[in-house]
Each structure stands twice: as C-alpha cells, then as structure tokens.
Amino acid sequence: MDITVIIPVYNEEDNISMLHDRLKSVLDQLTDRYEMIFVNDGSRDNSMPMIKALSKQYPSVRYIDFSRNFGHQIAVTAGLDKANGDAVVIIDADLQDPPELIIDMYKKMKEGFQVVYAKRKQRTGESLFKLWTAKMFYRILSKITSINIPVDTGDFRIIDRKIVNILKEMPEKSKYLRGQISWIGFNQTHVEYERQERMAGETGYTFQKMLSLALDGITGFSDLPLKIVTYFGFIVSIFAFFVMLYALYSRYIIQDYVAGWASLMIVILFIGGIQMIAVGIIGEYLSRMNNNIRNRPLYIIKDTNLED
Ligand code: UDP
Ligand code: MG
C-alpha cells in the first residue's frame, strides 16, 4: 500500500460523497495502491450508512465505526493504528483542507521529508473569536514549549511510515498529535494553502473541545504553568513576609491594631485566589496522569471492515 488517507468524521453527511470524489481523483493521479480510512466518531446523522455504501462500491474505502464520540484526536489515532500505507495523510472531512494539496505534499515528501504539514496562509469563513483564540494559542504554545510546534497548522499533513510507527509506540492518552509529530523530529517541512470555509454542516469542535485540546497541547509539552505557580508562590510569600513584619511593627511599636479590616480581607482574598488557581493547574496535570494510569483503551470499535 502506498498511501493511506485518514478521515475523522463527526456528523458530515453532506460532505462525504464530495470529499470521496475529490480524494479519489487526486489519489488516482498518484498511485493505484491506496486506501481511505473513514473513522466515524459517533456521528448522529447519516454519515455511517453513507460510508458503508461507499465501501461496498469502492474496495479502497475502509471504515472504523466507534461506539460513541471519542473526539477528533482519538479518531485520527485509531486511523493511524490501522493504516497500511507507506505514507499517511490526515485530512478533515469538511473540505476545509483541499484534497488537491495532497499532490504537492506527496511530491515534497518524495524529495526526502518524513513530514509535510500544511500551513494555513489564510482562513476564511471562521468566527473572529476562533481566529483570534487559535492565533494566540499557537503563539503562546510555541513560546512555552521547548520543541518547535509550527504555528497556524492543524493536523492536515502527510507523514511517513517511520513516523506512524513511532507514534503508535507513544503511549500517552491525552493526544496532541501535531505536538507529538514535532517532538519526533526527522526532516519536516510545509506547504502553504488557503484554508477554505467548511463546505456544509457545522463545526464539531465546540468551545469545550477546543479548550481541552489546547490544555492537552500545553500540559503535554510544557511544564511552564507549574513553574509559574511556584514562582508566583515565592513572590507572594516574600510579599507576605514584609506584610507580617509591618503587622508586628504596628501592633507592638506604634500600638495601632484596630483598623485594618479592609487590607486583611484583600490579602486573604488575593492569596486565596492564587491558591485556587495553583491547585487547579496542578489538578490539570494530575488528571492527565490519572488518565494514563487507568490505562483504559483509547477508543472502542463497534464495527470495521479492516483486519487487525
Ligand atoms: N471531528 C471528529 N470528532 C469530533 C469533532 C470533529 O472526528 O468530536 C472531525 C470532523 O468531522 C472533521 C474534523 O474532525 O472532519 C475537524 O472538525 P471540525 O471541522 O468540526 O473543526 P474545525 O474545522 O471547526 O476546527
Ligand atoms: Mg472544519
């Protein structure tokens, strides 16, 4: 098998057949040994019957049907686990990632790169809020991690079999695939493209899913939040020490100890707030450790036409 294309699918009934047609015409130009793996991530619409119908018509269409919605990163991971290709493409189902770009990416790979990711020059048709938060997030992440995670890049990319095999050996449960792939190294490069509007349907990435992906990215690749908490703790303690000296001074030297309720409340609330944040940050890391220790399977397959 030369190429595997992994397509995570969550409620994409209006995009699937168009996506398949465009993918097929691109892949037919490159090789005749390819497969498409549609991973149905618990869609509640007609996506799965449509994929099944395609698979009856085209032997290159494979599918994995999850028992429920496990999330985009997990869906891609399942595809990686089952992929047979020497090169693996990850692409969204909503045609925001143009399949035609795969030709350029594949060519670049043949020049000797193990990873060719697609970097967005521009994104059309997305809310200002999403554009702004995504932009900020990628920049902050690249500042606080020691590895070089490229900015303005999603999971749309082509990766070599070698990278796929290493990814399969990485046991972490909180997946942030683009970070893991950067972490692995080898020769990586990019091609640029203009990100299109989603063709039909609506985004499956709710604010909560975005937030949890962002937290997975940060906690998976940076300890800086924990360090900030520690530094902050030190600074506040030093400050508190001087406040204590002043309190003793005013109590015993100048004998002024009735007033001061307001300042006391402010200090208590302030330190209380900082402690809550600190505990919350530690909790984020702990819950991820806990997830790894539980060692539950990442996903559950209800149905598939792929062999093990
Ligand atoms: N997706 C998924 N599971 C989810 C949410 C999304 O498999 O829980 C898929 C979705 O079908 C699409 C891709 O992940 O192929 C990207 O999702 P989406 O287009 O909704 O995200 P956005 O482009 O708005 O960030
Ligand atoms: Mg999309």
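Order of appearance sets the numbers: ligands from 1, and atoms from 1 within every ligand. We count residues from 1, following the sequence as given.
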Any N or O of Pro8 closer than 3.5 Å to N or O of ligand 1: yes
Heteroatom N/O/S of Asp94 within less than 2.8 Å of the Mg ion (ligand 2): yes
Proximal atoms of ligand 1 relative to Asp94 (non-hydrogen, under 4.0 Å): 19 (O), 23 (O)
Min side-chain heavy-atom separation Ile159-Val164 under 4.5 Å: yes
Proximal atoms of ligand 1 relative to Ala93 (non-hydrogen, under 4.0 Å): 12 (C), 15 (O)
Test item: Thr153 and Arg157 side chains (from C-beta on) under 4.5 Å apart, heavy atoms: yes
Atoms in ligand 1 flagged as close to Lys209, the criterion being non-hydrogen separation under 4.0 Å: 4 (C), 8 (O)
Heavy atom of the protein closest to atom 13 (C) of ligand 1 (residue, atom name, distance): Asp92 OD1, 3.5 Å
Location of contacts on Val9 toward ligand 1, heavy atoms closer than 4.0 Å: backbone
Location of contacts on His72 toward ligand 1, heavy atoms closer than 4.0 Å: both
Protein contact of atom 20 (O) of ligand 1 - nearest heavy atom, named by residue and atom, plus distance: Gly204 N, 2.5 Å
Atoms in ligand 1 flagged as close to Lys130, the criterion being non-hydrogen separation under 4.0 Å: 22 (P), 24 (O), 25 (O)
Nearest neighbour in protein (non-hydrogen) for atom 6 (C) of ligand 1: Tyr10 CB, 3.9 Å
Of Gln196, Arg195, Arg198, the residue whose pairing with Gln96 passes side chain to side chain donor-acceptor pair (under 3.5 Å): Arg195
Proximal ligand 1 atoms for Arg195, defined as those under 4.0 Å from one of its heavy atoms: 23 (O)
Non-hydrogen side-chain atoms of Asp152 and Arg139 separated by less than 4.5 Å: yes
Nearest neighbour in protein (non-hydrogen) for atom 3 (N) of ligand 1: Asp41 OD2, 2.6 Å
Residues Asn40 and Asp65: side-chain donor-acceptor under 3.5 angstrom: yes
Aromatic Phe156 / basic Lys119 pairing, under 6.0 angstrom, 45° off normal: no
Side chain to side chain donor-acceptor pair (under 3.5 Å) assessment of Asp28 paired with Ser25: CA-CA 5 Å; Asp28 282 337; Ser25 74; over 6 Å; no
Mutual orientation of the aromatic rings belonging to Phe137 and Tyr176 [parallel < 30°, tilted 30-60°, perpendicular > 60°]: perpendicular
Mode of Asn69 contact toward ligand 1 - side chain, backbone, both, neither (heavy atoms, under 4.0 Å): side chain
His20 and Phe38 aromatic ring geometry - parallel, tilted or perpendicular at 30°/60° bounds: tilted
Short N/O/S contact of Thr203 with the Mg ion (ligand 2) (below 2.8 Å): no
Taking atom 21 (O) of ligand 1 as the reference point, the nearest protein heavy atom with its distance: Tyr205 CD1, 3.3 Å
Within-cut-off N or O pair, Gln96 and ligand 1, under 3.5 Å: yes
Contacting atoms of ligand 1, where contact means under 4.0 angstrom from a heavy atom of Glu12: 10 (C), 11 (O), 12 (C), 15 (O)
Ligand 1 versus Arg198: contacting region, heavy-atom distance under 4.0 Å: side chain
Close-contact set for ligand 1 against Thr203 heavy atoms, below 4.0 Å: 18 (P), 20 (O), 21 (O), 22 (P), 24 (O)
Asp160 vs Val115 side-chain heavy atoms within contact, under 4.5 Å: no
Test item: side-chain donor near acceptor, Asn291 and Arg288, under 3.5 Å: no
Side chain to side chain donor-acceptor pair (under 3.5 Å) assessment of Glu35 paired with Asn84: CA-CA 8 Å; Glu35 62 179 356; Asn84 299 301; 3.1 Å; yes
